[in-house]
Structures are given as C-alpha cells and as structure tokens.
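Predicted, not measured: the structure shown is a model, and the values here were computed from it.
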Amino acid sequence: MRKLIKKGDPDVYSDFIDAVTAGTGGSNNERGLLQAVRTLQGSCLAAPWIRDNSTVSLLIVSDEDNCSDGTMCAGKPYQESSFLLDYLASIRQPGVNARAYDLLWHPDMSQAECSTGYNKANIYAEVIDATGGTFGAICDNDYSQSLTASRTADTPACRCLQL
C-alpha cells in the first residue's frame with residue numbers, strides 16, 4: 001500500500017489494518033530503512049508531503065529486521081541504521097522533532113514472547129533508541145496499546161504515516 005494516511009481521513013483504522021496486513025509474498029529481503037528514506041524524500045508520491053518545520057514520526061511495521069536478517073543488503077548504504085539516521089539529521093533533529101516507532105520483534109524479546117516473529121529487529125531497534133521512539137511487539141494480537149503509547153509519548157498529536 002502506497003498511501004499517505006492522515007489524521008481526519010474517513011477510515012484511518014481500516015487503511016492502517018490494510019497496510020499492516022499486506023501479506024508475506026514478494027521479496028524475501030525487506031528494506032525498511034531504504035523505503036523510509038524514499039518516503040521522506042517524497043519519491044513514492046506525486047509531490048513532497050513533509051511540511052516545513054513539522055515534526056516527523058515514522059512507523060515501521062515488520063516481522064523481520066532491516067535487510068531481513070540484518071545482513072542481506074551487504075555492501076549497500078541502506079544496510080545500517082546510520083542510513084536513516086543520517087537522512088533524518090539532514091532534515092530534522094532526531095530525538096527532538098524526528099522519531100521512529102516500530103511494531104517489531106525487539107532484540108530483548110525471546111522467541112516465546114514473539115513466536116510469529118521471523119528475525120529480531122536489531123537495526124530497527126538502533127533507530128528507535130537513537131530517536132527516542134518506542135516500540136510495540138509485532139506479535140501482539142492488538143496494536144492499539146502500542147500505538148496509543150507512541151502517540152502520547154511526547155509526540156505531536158497530528159502526524160502522517162507512510163505505510
């Protein structure tokens with residue numbers, strides 16, 4: 001799904017559910033950091049969408065790490081967390097007006113705590129930590145608590161998500 005979901009859209013909940021249940025078909029090499037930077041640059045949309053002086057909040061939803069196991073993009077600049085962090089630093093101040101939030105299998109969680117996770121999200125966790133964001137477990141049956149916590153944790157009340 002390549003759609004900008006905005007506060008006030010008529011069916012935000014259904015749009016979000018459609019976006020995060022996109023399936024497991026396709027490439028076996030997820031490139032979340034590359035897609036996040038492309039999205040922030042506006043390359044997935046007809047026109048740039050980030051307002052000047054706005055706060056940027058990213059939500060990454062994945063049952064794997066960046067580059068699937070963290071290594072499948074060997075030699076590519078987007079393999080490391082610094083790819084996204086450096087881009088964020090070029091447009092905002094990470095931890096001040098740019099944060100990342102993730103629904104993932106956090107490195108501190110055991111397989112028993114996240115039995116449907118495919119790979120622990122070590123690289124995504126670095127981005128969360130560096131930006132002062134929060135995470136929720138991709139294995140949860142209901143994401144409402146995680147999403148509510150991220151919205152109330154010193155973040156703007158209105159933000160847009162590119163999923």
Could you walk me through whether Trp105 and Gln111 satisfy the side chain to side chain contact (heavy atoms under 4.5 Å, CB included) test, starting with their C-alpha distance in whole Å, then the side-chain angles of each, then the deciding distance to 0.1 Å, before giving a yes or no? CA-CA 9 Å; Trp105 179 11; Gln111 179 72 55; 2.9 Å; yes
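Among Thr116, Asp63, Leu104, the one residue that satisfies the side-chain contact (heavy atoms from CB on, under 4.5 Å) test with Cys139 is Thr116. Of the candidates Ile60, Leu103, Leu84, Ile60 is the only one forming a side-chain contact (heavy atoms from CB on, under 4.5 Å) with Tyr124.
Across every non-hydrogen atom of Asn119 and Ser68, the tightest pair is ND2-O, 2.9 Å. Of all non-hydrogen atoms in Phe83 and Pro77, the two that sit nearest each other are CB-O, 3.3 Å. Across Gln79 and Thr71, no two heavy atoms sit closer than the pair NE2-CA, 3.6 Å.
A distance-only check finds a donor-acceptor pair linking the side chain of Ser110 to the backbone of Glu113 [under 3.5 Å]. The closest donor-acceptor contact from the side chain of Glu126 to the backbone of Asp129 lies at 3.5 Å or more, if one exists at all. Put simply, the side chain of Asn29 gets close to the backbone of Met72: a donor and an acceptor are under 3.5 Å apart. With hydrogens and angles ignored, the 3.5 Å screen pairs a side-chain donor or acceptor of Lys120 with a backbone N or O of Met109. A distance-only check finds no donor-acceptor pair linking the side chain of Asp102 to the backbone of Ile138 [under 3.5 Å]. Looking only at distances, a side-chain donor or acceptor of Arg99 sits under 3.5 Å from a matching main-chain atom of Gly95.
Asn97 is not listed as a side-chain neighbour of Val56, based on a closest heavy-atom distance of 4.5 Å or more. A heavy-atom distance below 4.5 Å is not found between the side chains of Tyr101 and Leu58. Residues Thr131 and Leu85 meet the side-chain proximity criterion, which asks for heavy atoms closer than 4.5 Å. In this structure the side chain of Tyr87 reaches within 4.5 angstrom of the side chain of Leu40, judged on heavy atoms. Taking 4.5 Å as the limit, every side-chain heavy atom of Cys67 sits out of range of all side-chain heavy atoms of Ile123.
Atom CG of Asn53 has 12 or fewer heavy atoms from other residues, nucleotides or ligands within 6.0 Å.
Under the 3.5 Å distance criterion, with hydrogens and angles disregarded, a donor-acceptor pair is assigned to the side chains of Glu30 and Ser62. Side-chain atoms of Ser54 and Arg92 form a donor-acceptor pair, as typed in the model, at a separation below 3.5 Å.
The aromatic rings of Phe135 and His106 lie parallel to each other, their planes meeting at an angle below 30°, with 60° marking the opposite boundary.
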